Number of protein chains: 2
Amino acid sequence: MATAKTEAFTQAEQDLAAFAKALAHPARIAILKILAAQNECICGKIVDVLPLAQSTVSQHLKELKNAGLINGTVDGPKSCYCINWKAFEKINGKFSFLFSSLKTQNEKACC
Amino acid sequence: MATAKTEAFTQAEQDLAAFAKALAHPARIAILKILAAQNECICGKIVDVLPLAQSTVSQHLKELKNAGLINGTVDGPKSCYCINWKAFEKINGKFSFLFSSLKTQNEKACC
DNA sequence: TTGCATTATCGTAATAAAACGATAAAACAA
DNA sequence: TTGTTTTATCGTTTTATTACGATAATGCAA
């Protein structure tokens, strides 16, 4: 089978993996940077900056939204996106926790 | 086409995406935890803990190794793995930098 | 040498992801 | 009303990922 055996792992492991998956494409990281570089929501203009088709960008935005990393609202014929800071902080905390928990071990490089 | 247009993005974005991809599966996060929880390299025993076939675990280990997150050496009939702390730190730093650079913006939630 | 234990690799199958074009929907302008 | 702009969705194709069993390779034990 090809379906990931997610059910066999802890919820924390699944959450981290899902978050990592949302970041696992340079286009989505670029989108987050673009959104963060603005003080306000961005309505349009995202497609113009990226070297991807409009439908592809829309797809990436949808994935970021599904992962909870960004918010999106409809503003007339346009759509506005901005970073969901609250969710981002929460999930960033989990990440930092993983790193720190890994790091607290003695860093013996034995191979 | 289905190939990711990685060449269209910055090296930093690609690096982060590649790192995120390595973490984008609960099994690989679980493996990192297992490795970090030990003081020494782990020779064997990884397969026993995970609910996956031996070949699948070997595949995940290979991906972590390719991403530079772990080291692996052959020890007789067994293989020994441990976390590559140096690479991990470096890449973790990049991640933290992304987070902090995102966070330095004012966190206006406008949508 | 022969067998055993361990791990990597190969082959294969099923699902997911990435990308695009075409089309639909929605709100505004003329 | 009709057209324009903007974005989402659908359908499709290509590639990547996940998973497993089977097999190969490796070094040790008997």
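Each chain gets a letter, A, B and so on, in the order the sequences are listed, and its residues count up from 1. These numbers come from a predicted model, not from an experiment.
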What about A/Tyr81 and A/Val74, same hydrophobic cluster or not, with Ile/Leu/Val/Met/Phe/Trp/Tyr joined at side-chain heavy-atom distances under 4.5 Å?
no
Would you jot down, in residue-number order, the residues of residues 59-66 of chain A having a non-hydrogen atom under 4.0 Å from DNA chain C?
A/Gln59, A/His60, A/Glu63
Whole Å only: how far is the CD atom of A/Gln14 from the P atom of D/dT18?
14 Å
Interatomic spacing from CG in A/Asn71 to CH2 in A/Trp85 - rounded to 0.5 Å
11.5 Å
Gap between atom CZ of A/Phe9 and atom CG of B/Leu52 - 0.5 Å precision
4.5 Å
Taking the nucleotide of DNA chain D with the closest heavy atom to each, which residue, B/Ser55 or B/Val74, is nearer the 5' end?
B/Ser55
For DNA chain C, the dot-bracket notation using Watson-Crick and G-U wobble pairs below 3.5 Å, [ ] for pseudoknot-type crossings and | for other-strand pairs, is ||||||||||||||||||||||||||||||
Hey, what's the ring geometry for A/His25 with A/His60, parallel, tilted or perpendicular (30° and 60° as the breaks)?
tilted
Considering only side-chain heavy atoms of B/Lys78, which listed nucleotide, C/dC20, D/dA19, C/dT7, is closest?
C/dT7
Do the side chains of B/Leu23 and A/Leu23 get nearer than 4.5 Å, heavy atoms only?
no
Atom pair distance, as rounded to whole Å: CG in B/Leu52 and P in D/dT17:
17 Å
Working to the nearest 0.5 Å, report the span between CZ of B/Arg28 and CG of B/Leu50.
12.0 Å
Whole angstroms only, please: what is the CD1-C1' distance between B/Ile46 and C/dA5?
17 Å
Can you see if the side chain of B/Ser79 gets near the phosphate of C/dA8 - specifically, an N or O under 4.0 Å from OP1 or OP2?
yes
What's the closest nucleotide to the side chain of B/Pro77 if the choices are C/dA5, C/dA19, D/dT5?
C/dA5
Within the structure, does a side-chain N or O atom of A/Lys21 lie under 4.0 Å from either OP1 or OP2 of C/dA17?
yes
Could you work out which one of D/dT9, C/dA18, D/dC20 sits closest to the side chain of B/Thr56?
D/dC20
Respond yes when some side-chain nitrogen or oxygen of B/Tyr81 is under 4.0 Å from OP1 or OP2 of C/dT6, and no when none is.
no
Donor-acceptor check, side chain of B/Gln14 to backbone of A/Pro26, threshold 3.5 angstrom: yes or no?
no
Closest non-hydrogen atoms of A/Ala22 and A/Ala67, given as atom of the first, atom of the second and distance, are CB-CB, 3.6 Å
D/dA22 C1' sits how many Å from B/Gln54 CD, rounded?
11 Å
Taking for each residue the nucleotide of DNA chain C bearing the nearest heavy atom, is the 5' side occupied by B/Ser58 or by A/Ala24?
B/Ser58
First locate atom CD1 of B/Ile46, then atom OG of B/Ser58, and finally report the distance between them rounded to the nearest 0.5 Å.
10.0 Å
Rounding to an integer number of Å, can you tell me how far B/Lys45 NZ sits from C/dT6 C1'?
12 Å
Take the protein atom CG of A/Asp75 and the nucleotide atom P of D/dT5, then report the distance between them rounded to whole Å.
18 Å
Check the distance between C/dA17's P and A/His25's NE2 and give it to me in whole angstrom.
12 Å
Interatomic distance, A/Leu64 atom CG to A/Asn84 atom CG [nearest 0.5 angstrom]
11.5 Å
